[in-house]
Amino acid sequence: MLNKMKQWRNQNSLSDLQERILKIKELQVPSHVAIIMDGNGRWAKKRALPRVAGHHEGMKVVRKITKLANELGIKTLTLYAFSTENWKRPKIEVDFLMKLPEEFLGTFLPELVEENVQVQMIGYKEMLPTHTRNAIEKAMEDTKNNNGLILNFALNYGSRAEIIDGVKRFLKDCNSGIMNENELNEENFSKYLMTKDLTDPDLLIRTSGEIRLSNFMLWQLAYTEFWFTDVLWPDFREDHFIEAIEVFKNRQRRFGGV
Ligand code: FPP
């Protein structure tokens, strides 16, 4: 009896979610969603597990949310997977995090190819271990002709360093006569950032109750809507993502106007 009730409830909540998905698809979805996936360590601690268990569980959530974002017709999903500051963590955790892209892509790349997802990355690729870089580069190569969702991993990414490097490259172009200082404006400067081929995020989600940006896309988030949740990333589910988009749909974006 209990099982039957559970089954009935499961079926019911699934159809509720699907109804919400349909509703969202009728309206315009945000084109670019960025996520700071936070709370893996706390999720593991609550279960007396090593921190890396939280990262591993978080990787499975990446798969679910990628699938849903693609289904919703979102154009770009940027995921903050490793910051330039994360190298300060214990070696065992860093090594584990550096193996996750391989495991994720080793398992899911064929499905991503089939689902027309294009894998991209922002961040300092040269500083990644060779095995991590190879996995990402292979995925980028195998999916380069796909035109569905862009799954953009921010890996060894730091926004301040990105901006400073952009300034340096702009100055270099000025010195060599390709640019001059009068051409420095917001649009031109955007082309010196790692996101030059992407639109700015429309919606930023951060999980785990922390209300800060942690050096993530500082330039690109200038007009983005923010949505914060206490849910820890490994507990983040499709209905949380849908909720974030529903809230986004009800916000009025004025971009500085009235
Ligand atoms: C922050 O949580 C999370 C990270 C630094 C890593 C995020 C990585 C994943 C979710 C997996 C990525 C998957 C792929 C495919 C690359 P935290 O460890 O700071 O959590 P805490 O604040 O609770 O300690």
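Indexing begins at 1, ligand by ligand and atom by atom, following the structure's order.
Pairs of residues two or more places apart, or lying in two chains, that qualify as salt bridge (charged side-chain N to carboxylate O under 4.0 Å, His left out) and include a residue from residues 116-130 are K125-E137.
Within the set S214, G58, A81, the minimum heavy-atom distance to atom 16 (C) of ligand 1 is found for A81. The residue among H56, R42, E103, E93 with a heavy atom at the shortest distance from atom 22 (O) of ligand 1 is R42.
The closest approach between R89 and ligand 1 falls below 4.0 Å for a heavy atom of the residue. Ligand 1 has no atom lying under 4.0 Å from any heavy atom of S208. Heavy-atom distances between R51 and ligand 1 reach below 4.0 Å in at least one pair.
For F82, no heavy-atom contact with ligand 1 is shorter than 4.0 Å.
In this structure, E57 contributes its side chain and G54 its backbone to no donor-acceptor pair below 3.5 Å.
With hydrogens and angles left out, the side-chain atoms of W219 and D200 include no donor and acceptor closer than 3.5 Å. S214 and R206 form a side-chain donor-acceptor contact under 3.5 Å, judged by distance and modelled atom types alone.
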Enumerate donor-acceptor pairs with a distance under 3.5 Å from any side-chain N or O in residues 191-199 to protein atoms, sequence neighbours excluded.
unit_1, atom_1, unit_2, atom_2, d
Y192, OH, D173, OD2, 2.7
T195, OG1, Q220, NE2, 2.8

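Nearest protein heavy-atom contact of atom 2 (O) of ligand 1 is D38 OD1, 3.2 Å.
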